[in-house]
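The figures here come from the full heavy-atom set of this structure, side chains too, leaving out hydrogens, waters and symmetry mates. Reminder, nothing fancy here: chain letters follow the sequence lines and each chain counts from 1. Here the structure is a predicted model, which means the values were calculated and not measured.
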There are 2 protein chains.
Amino acid sequence: MSKLSKKERQEQLVEMLKKKPFMTDEEIAKHFNVSVQTIRLDRLEQSIPELRERIKVVAERNLDQVRSLRVDEVIGEMIDLQLDQSAISILDIGEEHVFTRNKIARGHHLFAQANSLAIAVIDEELALTASAKIRFLRSVKAGERVVAKARVVEKRAGRTKVKVESFSGQEMVFAGTFTVYRAEKEKY
Amino acid sequence: MSKLSKKERQEQLVEMLKKKPFMTDEEIAKHFNVSVQTIRLDRLEQSIPELRERIKVVAERNLDQVRSLRVDEVIGEMIDLQLDQSAISILDIGEEHVFTRNKIARGHHLFAQANSLAIAVIDEELALTASAKIRFLRSVKAGERVVAKARVVEKRAGRTKVKVESFSGQEMVFAGTFTVYRAEKEKY
DNA sequence: ACTCCTATTAGGACCAAGTGCTAATTTTAA
DNA sequence: TTAAAATTAGCACTTGGTCCTAATAGGAGT
């Protein structure tokens with residue numbers, strides 16, 4: 001069979017590596033029946049990283065999933081608490097909170113901080129989040145310190161509404177309103 | 001501080017690499033304050049493969065799962081994924097997810113499952129939650145299996161709306177609508 | 001046929017993160 | 001103090017590359 005054109009080869013290469021990212025240049029070269037150098041040029045032009053880099057990317061994806069929300073993970077450190085009024089907690093974003101690829105904090109950590117703060121501020125035996133409306137205003141990266149401020153904005157039969165705003169420095173990065181269900185101890 | 005004994009060092013080494021498998025011998029050596037050669041011997045004795053091999057193993061584990069489907073960074077176990085359409089994951093609620101007092105699952109775990117599923121369903125390099133509106137319909141206890149079902153309900157410039165409903169048996173326990181911001185890789 | 005231009009090959013120096021080996025030095029324990 | 005165990009050092013070699021330069025092959029146009 002005649003050799004493919006450069007364009008065709010590169011297109012096929014991209015597709016192939018999506019399915020089989022573990023091929024060395026040598027194997028690829030054999031597959032297309034061209035020299036190793038040609039493949040290197042192809043990768044360069046298509047900005048496909050080298051084998052080890054490709055493997056690493058796949059591996060990191062996997063590792064991320066393991067580092068999920070661990071139980072004992074403290075969701076921020078409480079630094080102020082006025083029961084039924086307001087509360088403040090801080091959470092230092094570390095490597096364990098971010099996506100490895102882009103270092104951006106996973107949303108559920110910011111949520112967890114805010115949610116647990118909203119619950120802590122309630123002065124009751126049993127408090128559970130019933131609903132919430134949240135917004136992620138800016139992405140937070142590893143190294144930043146997020147300060148969450150909660151305040152009770154409404155309190156009525158069985159339900160309390162808590163507003164939480166989280167900041168990194170002066171900037172608000174997250175905001176949410178939590179409706180928390182509360183009940184005296186008897187029921188459950 | 002005094003150096004650890006060989007045994008202690010090797011034990012710690014094994015544990016450390018379980019958590020952070022991406023360390024080079026040099027980094028490890030620095031960490032334990034011994035020579036690189038010592039670490040090589042340690043790995044030999046504990047039959048811990050070299051860095052590249054370790055990365056590869058982690059990557060393969062991932063690749064095995066559901067190939068071209070990006071099982072990415074999901075909390076819970078992904079059992080179905082139609083990119084840009086729908087996805088399903090299951091999460092078994094264990095002791096580690098609940099409040100000790102009443103065995104009720106902490107809300108942020110249900111949120112994390114739903115949120116990560118909403119992100120996984122997006123067929124794009126970068127996807128981040130912009131906002132969400134959620135409801136906790138019934139409390140979930142340790143031992144229950146929560147099945148989250150996500151489906152894309154709206155897609156337009158830069159944003160996709162994903163609806164997630166989570167069930168325990170027949171009962172819906174959680175529902176949320178996530179607005180996910182998506183972008184091709186170039187920017188940031 | 002001759003000339004350009006693109007594509008393909010070739011080759012060498014260098015790199016990271018090792019393996020495998022031998023040998024020297026240090027520590028520890030009997 | 002002396003033997004055994006542990007640690008450190010050094011060197012050659014390996015993989016799967018990068019980066020760079022240079023040579024050659026194939027066509028298209030004139």
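Taking the centre and axis of the six-membered ring of Phe167(A), the NZ or CZ atom of Lys149(A) falls inside the cone set by 45° and 6.0 Å.
Between Phe32(B) atom CZ and dA6(D) atom C1' the separation is 16 Å, expressed in whole Å. Straight-line distance from the CD atom of Glu50(A) to the C1' atom of dA17(C): 12 Å, rounded to whole Å. The CG-P distance, from Asn33(A) to dT8(C), rounds to 12 Å in whole Å. Between the CE atom of Met23(B) and the C1' atom of dA16(C) there is a distance of 16 Å, rounded to whole Å. Rounded to whole Å, the distance from CG on Leu41(B) to P on dA9(D) is 13 Å. Distance, Lys7(A) NZ to dT8(C) P: 14 Å, rounded to whole Å. The nearest whole Å value for the distance from the CD atom in Glu26(B) to the P atom in dC15(C) is 14 Å. With rounding to whole Å, Leu51(A) atom CG is found 15 Å from dA17(C) atom P.
Across all strands shown, Arg43(B) has heavy atoms under 4.0 Å from sugar-phosphate atoms exclusively, and none from any base.
Side-chain atoms of Val34(B) lie closest to dT8(D) of the nucleotides dA7(C), dT8(D), dG16(D). Of the candidates dT7(D), dA17(C), dT8(C), dA17(C) carries the atom nearest the Thr24(B) side chain, counting heavy atoms from C-beta on.
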Task: Stepwise side chain to side chain contact (heavy atoms under 4.5 Å, CB included) check, Leu128(B) with Phe136(A) - done: CA-CA 9 Å; Leu128(B) 292 170; Phe136(A) 294 90; over 6 Å; no
Open item on the list: Let's go through Arg151(B) and Gln85(B) carefully: what are the C-alpha distance in whole Å and the side-chain angles of both, what is the deciding distance for side chain to side chain contact (heavy atoms under 4.5 Å, CB included) to 0.1 Å, and is it a yes or a no?
Closed with: CA-CA 6 Å; Arg151(B) 67 175 201 285; Gln85(B) 290 180 47; over 6 Å; no
Task: Verdict with supporting geometry, Ile122(A) and Tyr181(A), side chain to side chain contact (heavy atoms under 4.5 Å, CB included) - done: CA-CA 9 Å; Ile122(A) 306 290; Tyr181(A) 168 80; over 6 Å; no
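If you find the closest nucleotide of DNA chain C to Glu45(A) and to Gln37(A), the one lying nearer the 5' end belongs to Glu45(A).
Inspection of the Ser89(A) and Gln113(A) side chains reveals an N or O donor paired with an N or O acceptor under 3.5 Å.
For Arg40(B) and dT7(D), the shortest distance from a side-chain N or O to OP1 or OP2 is not below 4.0 Å. Proximity of Thr38(A) to the phosphate of dT8(C): no side-chain N or O atom is located under 4.0 Å from OP1 or OP2. At dT8(C), one or more side-chain N or O atoms of Arg9(A) fall inside 4.0 Å of OP1 or OP2 (strictly under the cut-off).
For Arg52(A) against dA17(C), no side-chain N or O and base N or O form a donor-acceptor pair under 3.5 Å.
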